[in-house]
Protein chains: 2
Amino acid sequence: MPAMPAKRSTDQTLTASALNRIRLDIIACRLMPNERLRFEALRKRYGVGVSPLREALMRLEAEGLVQLEQNKGFRVSEVSRENLLDLMQTRIEIESIALRWSLEKGGVEWEANLLGAFHRLSRQTKLDPNKHETINEAWSREHAAFHAALVSACGSETLVLIRQRLFEQAERYVSLSIMSNGPLRDDVGEHKQLMRAALNRDVDRTVELNRLHIGRTTDKVAASLAASRSADIGAALKRKSFK
Amino acid sequence: MPAMPAKRSTDQTLTASALNRIRLDIIACRLMPNERLRFEALRKRYGVGVSPLREALMRLEAEGLVQLEQNKGFRVSEVSRENLLDLMQTRIEIESIALRWSLEKGGVEWEANLLGAFHRLSRQTKLDPNKHETINEAWSREHAAFHAALVSACGSETLVLIRQRLFEQAERYVSLSIMSNGPLRDDVGEHKQLMRAALNRDVDRTVELNRLHIGRTTDKVAASLAASRSADIGAALKRKSFK
DNA sequence: AGTCAATAGATTTTCGAAAATCTGTTGATT
DNA sequence: AATCAACAGATTTTCGAAAATCTATTGACT
């Protein structure tokens, strides 16, 4: 089963490898919300010892994707409607600032990157061509890259990092929603509008479009979260991933 | 020398203990910016093994206080004028949002807490009564608590956490400034104004006072940072904490 | 039956040493 | 002298096992 070598080519240490793989698994909900992360299971899954695993999990705790209860171990962070709304509202505000600065400061290089990012995104299909009902992983990457490109000229490493963290946390909710309700709307048009407004340096419109973009996702996710409350989460409870 | 027991009463694990102690040491610049953090030295200093230390440092890296170069070890994050300005500007924007929400939502309980926090702060002297030229640690605690109290009613755990991280990063620059130039201005009055505006629910004035409050600190710190460039940092270089 | 202490098994936390990697030095070569 | 490979010591990274802690169960007692 764990045919994948523990240390991928780009990661120089087992800790870095485990960190990146676990982060992706949590964001994609291959590790489900609130699931206990026992070391024995993780050791088999990722093919590394407890030291790299503990280090990776400590870092993910700081990123908000994992929670540690002292002497009782780690689990994937819980999801909730309250957390979703908090997250998305905060994300809107943070991205608004970042967009404002980015549109003020962005030069030709930024414009070129943004156009390129949009082009790559538009050439990906949202649904996985092989197994339907699943999201295309390449699409996810390009989608993340597009949103990152929008704010990349804001001139604040600090703000960019914060935005990235919030985006990743939000992605986990999107994954969850897709698992229960199938993929969200296809929104190539939305991204095109967003890009146009940004390139036109229309701050107010860009910020507003972004707010709506996030808001629509939030509503969709919130709905499926409510719907799956008794189904998936109940099932998970009985499978005793939970206490 | 390490008479202090490794595991303090409130921390249940050695990792938590090391994490909290190292974080405080970095913020107070008892561990200097860019200083290499060798495990042998840390083991002696904190009286724990490498496992808890590595876990603590991984977490601090996510918090921005420490940096890891793969296979070359950890060091305290570098400081720079650019990072200071970025940090403070971002902090102003984040706190502005948090203040706005807090003033909109804060109830009687919040008002009471804020009054209490101000009172405790006003009863502390900023300078350490024993050894002059040093900041009073109790004052620092109450100062942090006061600013936290201001935004505590904002209703967003996410935003509160982000604000806390930025505040801690900023505190490190303040410590650095104090070490080279002595304590900053005594600003009881500023905090009183801030509290009054908040309690009056005057959002614009509170946000503006906060902006000025942070701005003044930034200027002071930036000045002493420029001044100490050749002195302290040069000395540190020769002491070869650096490459 | 219900409560509680004792115990055994499961799990996390921590350590010490082995393995891997880096850094500076020596000495050979051009 | 400059370049470079090989080596040795320093340091980080990782593992496996020991220690500490938690959890569930049993059995004694009220």
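All values below were derived from every heavy atom in this structure, side-chain atoms included, with hydrogens, water molecules and symmetry-related copies excluded. Note that the structure is a prediction, hence the values are computed from the model and not measured. Letters go in sequence order (proteins before strands), and every chain restarts at 1.
- Residue Arg43(A) has no polar side-chain atom (N or O) positioned under 4.0 Å from OP1 or OP2 of dC15(D).
- For Gln12(A) and dT13(D), the CD to C1' distance is 12 Å, given to the nearest whole Å.
- Among the heavy atoms of the strands, none lies under 4.0 Å from Leu53(B).
- Under the 30°/60° scheme for interplanar angles, the aromatic rings of His143(B) and Phe167(B) are found to be tilted.
- Separation of atoms CG (Asn83(A)) and OH (Tyr173(A)) is listed at 3.5 Å; rounding is to 0.5 Å.
- Nucleotide dT11(C) holds its C1' atom 12 Å from the CG atom of Leu42(A), rounded to whole Å.
- The distance from atom CZ of Phe39(A) to atom C1' of dT21(D) is 14 Å, rounded to the nearest whole Å.
- In the set dT14(D), dC15(C), dT11(C), dT14(D) carries the atom at the smallest distance from any side-chain atom of Val50(B).
- OP1 or OP2 of dT14(C) lies within a sub-4.0 Å distance of a side-chain N or O belonging to Thr15(B).
- Residue order along DNA chain D, read from the 5' end via each residue's closest nucleotide, puts Leu37(B) first among Leu37(B) and Ser51(A).
- The listed nucleotides are dT14(D), dT11(C), dA17(D); the one nearest the side chain of Thr13(A) is dT14(D).
- Proximity of Asn71(A) to the phosphate of dC22(D): a side-chain N or O atom is located under 4.0 Å from OP1 or OP2.
- Gln70(A) places its CD atom 12 Å from the P atom of dT21(D), with the value rounded to the nearest Å.
- To the nearest 0.5 Å, atoms CG (Asp11(B)) and CG (Leu19(B)) are separated by 8.5 Å.
- Residue Pro52(A) has its side chain nearest to dC15(D) when only dC15(D), dC15(C), dT12(C) are considered.
- Across all strands, Glu40(B) comes closer than 4.0 Å to no nucleic acid atom at all (heavy-atom distances).
- In this structure, CD1 in Ile97(B) is found 13.0 Å from CZ in Arg163(B), a value given to the nearest 0.5 Å.
- Between Leu57(A) atom CG and dT13(C) atom C1' the separation is 13 Å, expressed in whole Å.
- In this structure, CD of Glu55(A) is placed 17 Å from P of dT12(C), rounded to the nearest angstrom.
- We find that NZ of Lys44(B) is positioned 16 Å from P of dC15(C), with the value rounded to whole Å.
- Between the P atom of dA20(D) and the CD atom of Glu69(A) lies a distance of 22 Å, rounded to the nearest Å.
- The residue among Gly49(B) and Lys72(A) whose nearest nucleotide of DNA chain C lies closer to the 5′ end is Lys72(A).
- Side-chain N/O atoms of Arg54(B) include one lying less than 4.0 angstrom from OP1 or OP2 on dT13(D).
- Ionic pairing of Glu40(A) and Arg43(A) is present here: one or more N-O contacts between side-chain nitrogen and carboxylate oxygen are shorter than 4.0 angstrom.
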